[in-house]
> 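Next up is a structure, given as structure tokens.
Start at 1 and go down the list; that is how both ligands and their atoms are numbered.
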Amino acid sequence: MIDAETMLDRIAAADSLSELEIVRVSALGKSGAITALLKSLGTMDAETRAVEAPKIHALRERVTDALAGKKAALESAELERKLATEKVDLSLPAPESVSGTVHPVSQVMDELAEIFADLGFSVAEGPEIESQWYNFTALNMGESHPARAMMDTFYVQPRNADEEPRVLRTHTSPVQIRAGEKHGAPLYVIAPGRVYRSDSDATHTPMFHQVEGLVLDRGITLGHLKWTLETFVKAFFERDDIVMRFRPSYFPFTEPSAELDIGWSMEKGRRVVGGSEGWMEILGSGMVHPRVIKNMGLDPDEWQGFAFGCGIDRLAMLKYGMDDLRAFFDGDIRWLKHYGFRALDVPTLSGGVGA
Ligand code: PHE
């Protein structure tokens, strides 16, 4: 018969969990040595059993304890080893093969937030599925207003017969009403986000991005609008030589209204921002219509404001040189690798918003 010391020695000598398991089975398994001893108790006469039983039970206990102690020691040694060898340095950049990039649209949104935060604006949001009140009516586009038809609106199936169909917002302007209603005046906000129009070719996609700007305060004039847009455009394109031109325009929710063009020139066969060889329109703007201020629940005799709405995808194309808008939404990994931005390159005014 195997003696206790040998068994305990074998337990102490096991240097892996699988080796320890072999020792355990040889002692306590179905045909293990201790199991055999326990079975032998049944064949003993009462006297011998009275002497042997306590010894055998004590042996089983010692072996069981030794096994448990060794198991815990081996497990914690294993954990130590893993902790030592499987160190992860979270500050290391991810390998090229697994690292994603920040989409130019997200990048430009971050740049806009950074530029306008510096001017004291905060960021407002609204739903993409919008009521006709916020998307049109409150913005001074009554039921039969031709602008409703002009916007190529997507309508959403109503949930029941009593509900007026909602729309996929055709612009970010409904956020003007929501922000004015919620926060009152004075108010300085931008609202970047997705908008939808039923339109698709090389320069139009059914979903695109806009940023809305809204200022409400006392004594706001067209001069404030002009200064703000000029400051924004120069900070965004990171050049001081940008030539701007205001053109009179019409939007139902602003009066007067103006579109902003910036000048471009040809440089090495490419159109670049700056100079005035030609013009391109980048945004619509104007002084908030008194009726719109009223629809926010504010008194237009006390509060005035300006607003603007600008296509973000267009801004990204101009700044970073892409020429097909549709590629923005194809999800082609090669395009994203080429035009995307590193996740850690957060735009800051001091470091350059271009990252
Ligand atoms: N919402 C207008 C558009 O989508 C842009 C705009 C916003 C014009 C705010 C004036 C003021 O075309």
> Aromatic contact between H289 and F251, with the criterion being ring centroids under 6.0 Å apart: yes or no?
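Not under 6.0 Å, so no.
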> For E163, what residues pass the salt bridge (charged side-chain N to carboxylate O under 4.0 Å, His left out) criterion, not counting sequence neighbours?
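Checked E163 against salt bridge (charged side-chain N to carboxylate O under 4.0 Å, His left out); matches are R159.
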> Can you tell me how far the NZ atom of K319 sits from the CD atom of E238, to the nearest 0.5 Å?
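These two atoms lie 4.5 Å from each other.
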> Could you tell me if the ring centre of F116 sits under 6.0 Å from that of F308?
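Yes, ring centres under 6.0 Å apart.
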> Is there side-chain contact between D313 and F329, with heavy atoms separated by less than 4.5 Å?
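A side-chain contact under 4.5 Å exists here.
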> Would you say that F237 contacts I262 through its side chain, given a criterion of any heavy-atom pair below 4.5 Å between the two side chains?
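Side-chain contact under 4.5 Å: yes.
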> As a test of reading the model: which residues have a non-hydrogen atom less than 4.0 Å away from ligand 1?
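Lining ligand 1: H171, S173, Q176, R197, Q210, E212, F251, F253, T254, G284, S285, A307, F308, G309.
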